[in-house]
Amino acid sequence: MATYSHSIYDSSNYQNNRPQYKDTLVDAILEYHLKNPEATTDLAVDVATGTGIFARQLQRGFKRVIGVDISEVMLQSARKVATQPPIEFVQSPAESLLFLENGSVDVVTVATGAHWFNIDGFIAEAKRVLKPTGTLVIFGYTGFASFVDYPQCDTMLKEFGLNDSKLGSYWDQGRDVLVEGYRDYHKALANGKWVDIFRRIYPNTIQGEPSAEFPPVIGDSPVVMDYSVNWRVLKNYWSTWSALATYHRDYPEREAFDQVLIREMMTAVGASNMDEPLNLEWEEVLVFCHPPQ
């Protein structure tokens with residue numbers, strides 16, 4: 001996650017142009033968590049909180065919310081958004097949450113950030129801080145989508161994001177963990193004897209899925225994100241990609257890569273209106289589980 005901590009990264013652009021998560025996602029978390037009649041909702045900790053997007057959404061379900069991120073650059077933007085009651089934001093690596101006591105947290109969430117962690121280190125720390133009745137929730141969107149009306153754009157987007165001749169080599173280490181639907185987390189949690197593991201992907205376009213060894217549930221509708229965009233909003237979203245910031249650090253004289261892709265896509269489909277609504281199915285993954293007993 002080094003790019004998000006770097007001075008080259010515009011955290012205010014991230015705050016303004018990243019999508020909110022579905023409001024019903026908090027309901028889904030609470031439904032899973034509260035199946036145990038002894039579970040409580042005193043404290044939720046949102047790890048890799050970034051600018052606090054999901055931490056703020058968690059407030060309606062929990063008495064207290066703490067947002068954690070390794071990047072002070074991102075937390076500076078998070079603290080600028082007033083909430084009531086205030087959210088406490090703490091700078092800390094995900095694998096070493098030393099400010100939290102053993103067995104003190106009801107729910108740990110990670111919203112589109114777990115792929116940047118040391119998987120075994122984070123799982124061990126989540127196990128330490130969660131109450132025996134606690135819940136770990138890992139979810140995210142890959143940033144890729146199926147263009148329902150313009151399927152030729154699907155390949156163009158993945159080539160843009162993953163091909164080493166374009167942005168593929170500019171991602172920080174860990175991106176593949178998300179692109180592959182957090183399958184590595186499913187394996188590590190299963191090996192660690194975590195309980196009631198539930199992994200769901202949507203749509204059925206995640207790379208390498210369904211896995212034979214750790215098969216996910218294939219959803220028929222989104223539960224993590226339902227992001228309505230036009231060409232303009234899509235371009236602004238791409239501008240938040242960390243790989244794009246790193247690319248333009250190395251090639252500041254080149255035309256913005258997101259602008260190039262939008263132009264190529266619109267030309268390919270014969271579109272001319274930047275405000276044309278787009279029908280997209282965003283790739284997403286959701287993982288629920290309880291700590292080993």
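FYI, the numbering just counts along the sequence from 1. Please read all numbers here as calculations on a predicted model, not as lab measurements.
Atom CH2 of residue Trp116 and atom CG of residue Leu178 lie 8.0 Å apart, to the nearest 0.5 angstrom. Note: Phe160 CZ to Trp241 CH2 = 5.5 Å, rounded to the nearest 0.5 Å. With rounding to the nearest 0.5 Å, the separation of CZ in Arg200 from CG in Leu286 is 7.5 Å. Taken from CG in Leu58 to CD1 in Ile53, the straight-line distance is 12.5 Å, to the nearest 0.5 Å. Interatomic distance, CG of Leu25 versus CE of Met225, reported as 11.5 Å (0.5 Å rounding). Here the straight-line distance linking atom CD1 of Ile119 with atom CG of Asp184 works out to 4.5 Å at 0.5 Å rounding.
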Under 3.5 Å, which donor-acceptor pairs link side chains of residues 190-198 to any protein atom two or more places apart or in another chain?
unit_1: Asn191; atom_1: ND2; unit_2: Lys187; atom_2: O; d: 3.4

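Residues Pro222 and Trp282 have side chains not in contact (no heavy-atom distance under 4.5 Å, counting atoms from C-beta outward). No side-chain heavy atom of Gln207 sits less than 4.5 Å from a side-chain heavy atom of Glu283. Contact check for Leu75 versus Arg79: side-chain heavy atoms found under the 4.5 Å cut-off. Side-chain contact between Arg183 and Pro216 is absent, with no heavy atoms from C-beta onward closer than 4.5 Å. Residues Leu136 and Val108 are in side-chain contact: their nearest non-hydrogen atoms beyond the backbone lie under 4.5 Å apart. Using a 4.5 Å cut-off on side-chain heavy atoms (C-beta onward), Ile29 and Phe288 make contact. In this structure, Thr41 and Leu34 have side chains that are in contact, with non-hydrogen atoms separated by less than 4.5 Å. Proximity of Tyr227 to Val233: side-chain heavy atoms (C-beta onward) are separated by under 4.5 Å at one or more points.
Contact record, Cys289 with Leu189: SG-CD1, 3.8 Å, taken as the closest heavy-atom pair. The two residues Asp120 and Ala188 come nearest to each other via the heavy atoms OD1-CB, 4.1 Å. Heavy atoms only, all atoms of each residue included: Leu280 and Ala145 are closest at CB-CB, 4.1 Å. In terms of heavy-atom proximity, His33 sits nearest to Asp106 at CE1-O, 3.4 Å. Nearest heavy-atom pair across Ala48 and Val110 is CB-CG1, 4.2 Å. Closest non-hydrogen pair, Ala78 versus Gly52, comes out as CB-N, 3.9 Å.
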What verdict does the side chain to side chain contact (heavy atoms under 4.5 Å, CB included) test give for Lys131 and Asp42, after you've listed the backbone C-alpha separation in whole Å, the side-chain angles of each residue and the deciding distance to 0.1 Å? CA-CA 11 Å; Lys131 296 176 181 178; Asp42 296 323; 3.6 Å; yes

Evaluate the side chain to side chain contact (heavy atoms under 4.5 Å, CB included) criterion for residues Glu209 and Val285: first the C-alpha distance (whole Å), next the side-chain angles of each, then the deciding distance (0.1 Å), finally the verdict. CA-CA 11 Å; Glu209 295 291 0; Val285 58; over 6 Å; no

Output, in order, the C-alpha distance, side-chain angles, deciding distance and verdict of side chain to side chain contact (heavy atoms under 4.5 Å, CB included) for Leu100 and Ile66. CA-CA 10 Å; Leu100 293 171; Ile66 299 175; 4.3 Å; yes

Using the side chain to side chain contact (heavy atoms under 4.5 Å, CB included) rule, take Met265 and Phe147 through it: C-alpha gap first, then chi angles, then the decisive distance, then the call. CA-CA 11 Å; Met265 281 188 171; Phe147 289 71; 3.9 Å; yes

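No continuous path of hydrophobic side-chain contacts links Ile138 to Tyr202 [ILVMFWY only; heavy atoms under 4.5 Å]. Clustering ILVMFWY residues whenever any of their side-chain heavy atoms sit less than 4.5 angstrom apart, transitively, puts Leu278 in the very cluster that holds Val260. Linking Ile, Leu, Val, Met, Phe, Trp and Tyr whenever their side-chain heavy atoms come within less than 4.5 Å puts Phe99 and Val47 in one cluster. Tracing side-chain contacts under 4.5 Å through hydrophobic residues (I, L, V, M, F, W, Y), one reaches Val26 starting from Tyr21; they form part of the same cluster. Val217 and Val137 end up in the same hydrophobic cluster when Ile, Leu, Val, Met, Phe, Trp and Tyr side chains are linked at under 4.5 Å.
Comment: Asp23 does not engage Arg60 in a salt bridge, judged by the lack of any side-chain N to carboxylate O separation of less than 4.0 angstrom. Under the 4.0 Å criterion applied to side-chain N and carboxylate O atoms, Glu88 and Arg64 are assigned as salt-bridge partners. A salt bridge is absent between Asp27 and Lys22; no separation between the charged side-chain nitrogens and carboxylate oxygens falls under 4.0 Å.
For His248 (side chain) and Phe257 (main-chain N/O), a donor-acceptor pair under 3.5 Å exists by modelled atom type. At distances below 3.5 Å, not a single donor-acceptor pair connects side-chain atoms of Asp46 with backbone N or O atoms of Gly67. At least one donor-acceptor pair closer than 3.5 Å links the side chain of Glu95 to the backbone N or O of Asn118. With Glu284 contributing its side chain and Val223 its backbone, the two residues share a donor-acceptor pair below 3.5 Å. Proximity of a side-chain donor or acceptor of Arg56 to a complementary backbone N or O of Val81 within less than 3.5 Å is not detected. Between the side chain of Gln293 and the backbone N or O of Pro291 there is at least one donor-acceptor pair closer than 3.5 Å. Between the side chain of Glu125 and the backbone N or O of Leu97 there is at least one donor-acceptor pair closer than 3.5 Å. Judged by distance alone, with hydrogens and angles left aside, the side-chain atoms of Thr240 form a donor-acceptor pair with the main-chain N or O of Tyr237 at under 3.5 Å. With Arg254 contributing its side chain and Tyr247 its backbone, the two residues share no donor-acceptor pair below 3.5 Å. A donor-acceptor pair under 3.5 Å is absent between the side-chain atoms of Ser96 and the main chain of Leu98, judged by distance alone.
Trp231 is linked by a side chain to side chain donor-acceptor pair (under 3.5 Å) to Glu276, counting only residues two or more places apart in sequence or in another chain.
When ring centroids are compared, Tyr182 and Tyr185 come within the 6.0 Å threshold. A distance below 6.0 Å separates the ring centres of Phe54 and Phe139.
Within a 6.0 Å radius of CD in Glu38, no more than 12 heavy atoms belonging to other residues, nucleotides or ligands are found. No more than 12 heavy-atom neighbours from other residues, nucleotides or ligands sit within 6.0 angstrom of NZ on Lys127. The number of heavy atoms from other shown groups lying within 6.0 Å of CD (Glu101) does not exceed 12.
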